[in-house]
Amino acid sequence: MTGKTVLEMRGITKDYSGNRVLKNVSFAVEEGEIHSLIGENGAGKSTLMNILFGMPVIHESGGFKGEVILDGRAVSISTPKEAMNLGIGMVHQEFVLLPGFNVLENVKLNRESTKPNPISRIFWGFGKTGKKLETLDYPTMKRDVRAALSSLSTSIDEMTPVRDLPVGHMQFVEIARELDKSKVRLLVLDEPTAVLTESEAETLLAAMRGLAAKGIAILFISHRLGEVASVSEHVTVMRDGEVAGRLTRGELDAGSMAEMMVGRRLAASERPARREAAADVILKVENLSVRMPGENVSDVSLEVRRGEILGIAGLAGQGKLGIANGVMGLYPAQGSVRKDGRPVPLNDAASAMAARMALVSEDRRGLGLLLDQSVEDNVTVRAMQAQGGFLRSFMGFSFADSAAIRAHTKKMIEALDIRCTGPAQRVRRLSGGNQQKVCIAGALTLSPDLLFVSEPTRGIDIGARELVLELLRRLNFERGVTVVVTSSELAELRSTCDRIVVVYRGQVQGIVPWDVSNVELGLLMAGEKKKEAA
Amino acid sequence: MDIPDGEKGFFTRTLRDFGMARSIIVCFLAFLLIQAFFLGLPMDQLLSSMLTRFGMNGILALAMIPTIQAGMGPNFALPLGIVCGLLGGTMAIEAGLRGWPSFLLALSLAVLLGGVAGWLYALLLNRIKGQEMTVGTYCGFSVVSLMCIFWTLAPYSEPEMIWAYGGTGLRNTISLAGWYEKILDNLWRVEVHGVVIPTGTLLCFLLACILMKAFLRSKTGIAMTAVGSNPRFAHAIGLRIDRYRTVASILSNALAAAGMLVYAQSFGFLQLYQAPLFMAFFAVASVLIGGASMNRITVANVLIGNFLFQSVLVVSMPVANLVFSDNMSEILRIVISNGIILYALTRKEARA
Ligand SMILES: Nc1ncnc2c1ncn2[C@@H]1O[C@H](COP(=O)(O)OP(=O)(O)OP(=O)(O)O)[C@@H](O)[C@H]1O
Ligand SMILES: [Mg+2]
């Protein structure tokens, strides 16, 4: 660190159709520092970064007020391309990858290495035309991409189509793409660790430190305050679109950051007492294999007891996510699943829901939401289609019961503290964390007696995280709903679950009680040790 | 553009909410109307034709809603439904009925045939997801050509429909005078200061709009919209995607068939052979003017767009004929509608 300011954003104010989401926000980033932005869901972090990166959504909604100063010069960035030319790289909160293209192509798109060929030589004198006709230099590109990926310590095959990667790996590809841009001086990472397990996140944090040491400034957004405390030089805390405070290295502890974010003291979360689960089995899975790209499950057998909260843990790509998706009929599966003793046909989402099971998917934009529909439609559409809820019959036809939909959605908005302008707002306009809450509301509306939740708190701020976990516990305790939580965050599993299933290479590596030691859990996840029974 | 929108003037905000394209068209229409007035054109007649064309084209434009909502894009295969309407129309005449019985028989046959055609068309579309617009356009063109053969060979015998010199083969243009010409237009027809209001046709269109709106809030309609907005989501909640695409195709083509007859009764003629060729484009263009996109549309888009598009055509026709040479209207119509489609295709798809 040299103390030289790379970026300064001064007096940024932004409205989305009359709704002020940023109010006079200012902060500065120094060369080679990791500067974190934290704040509750909807505090305006992504919006601020979108402004910096010249995202079209900003200009389509009327631009912003304030100054962006790069190296002491005021700049006006109106497209991502201009941002890139100024040396800004950005990994968005939501993926920006072409699913049909492979990893290499995604990293290199539009910045391909080329070598001349006879035809391009002929056109050599014609400026860009010659360059455009050159042959793609695959060996060089492969080397670059490998280098970028290995600086993140991952071993993703660069020829796999991105669509077949697990979400965690997509994140690495996104970061690799930014790292591969040679001129990057300022890297924006919007919740890059949200989709990673703790150990993967560690790898990424290490990579970030390495980059910072090379003089690249990093703007880091995360809801995991532990990470923030461990990597940041400075932290800017946002609340409701304003800067609520600034902290430097020495003052970073999770408690004070949380307090500043939320504006009140948070009760430390303690694991509440749990009652014994009944002995009887609500779900019996035998020899389940699931073909889910990047999260294959091969031959899993497992019993879920009625009334328990069961955790599923495992590293990314080991198949922990495949189990819930297979049981719920979302990916091709084989094997046998019995719910309450009755067989549930596989590969059929409708019968899985008819068996009173529901899923909160880890892939909220892909599977969990109708982005261009209203909050209320998103909350109620599952229950309406699968169970005939929220309908009114008129002359033999079923119509949506708008009053019931509205009333129910309002209840959900309140219960989950969804920050939106109202039930009619389009889900696309919500912040990432609030979209996640809408997904959860939708699954809860099915009133299942067995609820699968995958990565329930991904992208959710700490206040809301406690709320969501508390909600799961309450659902379990008060209504007797059995819950299966699949998560990359061990702390979350520990504070919620009764037993934890560890998945390794698509199989059950072990089933352990919640209070097992970290070491043992780590060994199981790494496939070092096998353990049955719990 | 560095001003947050909360602080912009009323005018700018309205402009953005209403859409740039639509605002321009509204201004253009106002300009044309003023021109027409100063050129001394008969305003009462102009207003009458604006109303009539609004009513007669309405259902054809409405037929775009199901396919767009189901994620199949605008129904460029509209001629498929349209020829079913023509079939129904000619068959009712062939049956020898006149007046209401004739029109109602035509309408029922048309809807039935249109539904069947829509179902068959869905079988095709469900195999080529993602290319509905291209395939639809070609399908529409092919069907029109195929039907050209049919119209010449079909064993119709009603002398008013076949060529005057006898034999087989239907005429290019069949007059509906005496059968069901203006049967809806003249239903509760009112005249105010020389402006003719074709109440029946308008009511018929509005009724169709209300039914469509209700359908979109029905269980099936909501499922269809879900399928269109996010097929993976729809699959995850247990909806059968092909089924709802089929429903959309059936509805759209049945509407097109019915819409064709409403159009024909008002126009006074059934136009066969090449006539349906470009009708899809006009319908697509009008809903796009109304603010629909390739994957999102409301009944309001149809109402606004249909009114603006048809009115511009009605008013520009005589104005252009006075100012420029003759026969500008058809050219204008094609230029405007294709221009709008181009504009909509190049516009960013997912506007947040
Ligand atoms: N395209 C949009 N149109 C209208 N409002 C929007 C749009 N995008 C975001 N907002 C609103 O702006 C506010 C800030 O959203 P933003 O995405 O910046 O939050 P965030 O701090 O990144 O939250 P999260 O941690 O949940 O990702 C929210 O209230 C959100 O509803
Ligand atoms: Mg965000």
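Owing to the predicted nature of the structure, the values given are computational and were not obtained by experimental measurement. Chain identifiers are assigned alphabetically (A, B, ...) following the order of the sequence lines, protein sequences preceding nucleic acid strands; residue numbering begins at 1 within each chain.
- Under a cut-off of 6.0 angstrom, the local environment of CZ in A:Arg291 is sparse, with at most 12 non-hydrogen atoms contributed by other residues, nucleotides or ligands.
- In terms of non-hydrogen atom pairs under 4.5 Å with chain A, the most contact-rich of B:Ala236, B:Pro231, B:Ser229 is B:Ala236.
- For a residue to count as touching a neighbouring chain, one of its non-hydrogen atoms must lie under 4.5 Å from one of that chain's; by this rule A:Ile51 does not touch chain B.
- Within the 4.5 angstrom heavy-atom criterion, only backbone atoms of A:Leu369 (N, CA, C, O) approach chain B.
- Rounded to the nearest 0.5 Å, atoms NE2 (B:His235) and OH (A:Tyr331) are 10.0 Å apart.
- Atom CD1 of B:Ile237 and atom CD of A:Gln387 lie 11.0 Å apart (nearest 0.5 Å).
- What you find for A:Phe399 and B:Phe215 is that their closest heavy atoms are CE2-N, 4.4 Å.
- B:Ala234 does not touch chain A: none of its heavy atoms, backbone or side chain, sits under 4.5 Å away.
- For the set A:Arg382, A:Met328, A:Gln385, the entry with the most heavy-atom pairs within less than 4.5 Å of chain B is A:Gln385.
- Atom-to-atom distance recorded for A:Asp348:CG and B:Arg240:CZ is 9.5 Å, nearest 0.5 angstrom.
- Each of A:Val381, A:Leu391, A:Leu370 was compared with B:Ile222 under the side chain to side chain contact (heavy atoms under 4.5 Å, CB included) criterion, and only A:Val381 meets it.
- Annotation: the span from B:Phe233 atom CZ to A:Gln373 atom CD amounts to 9.0 Å, rounded to 0.5 Å.
- The environment of NZ in B:Lys129 is crowded: more than 12 heavy-atom neighbours from other residues, nucleotides or ligands sit within 6.0 Å.
- For CZ of B:Phe307, the number of neighbouring non-hydrogen atoms (other residues, nucleotides, ligands) closer than 6.0 Å is 12 at most.
- Looking only at heavy-atom pairs under 4.5 Å with chain B, the residue among A:Ser351, A:Ser402, A:Gly368 that has the most is A:Gly368.
- Note that CG of A:Asp377 and OG1 of B:Thr225 are 8.5 Å apart. Values are rounded to the nearest 0.5 Å.
- Judged purely by atom type and a 3.5 angstrom limit, B:Asn230 uses its side chain to pair as donor or acceptor with the backbone of A:Gly366.
- Using a 4.5 Å cut-off between heavy atoms, A:Arg365 contacts chain B through its backbone alone, with no side-chain atom that close.
- Interface residue A:Met384: backbone and side-chain heavy atoms are both found under 4.5 Å from chain B.
- By the 6.0 Å contact criterion, CH2 on B:Trp188 is open, its count of non-hydrogen atoms from other residues, nucleotides or ligands being 12 or less.
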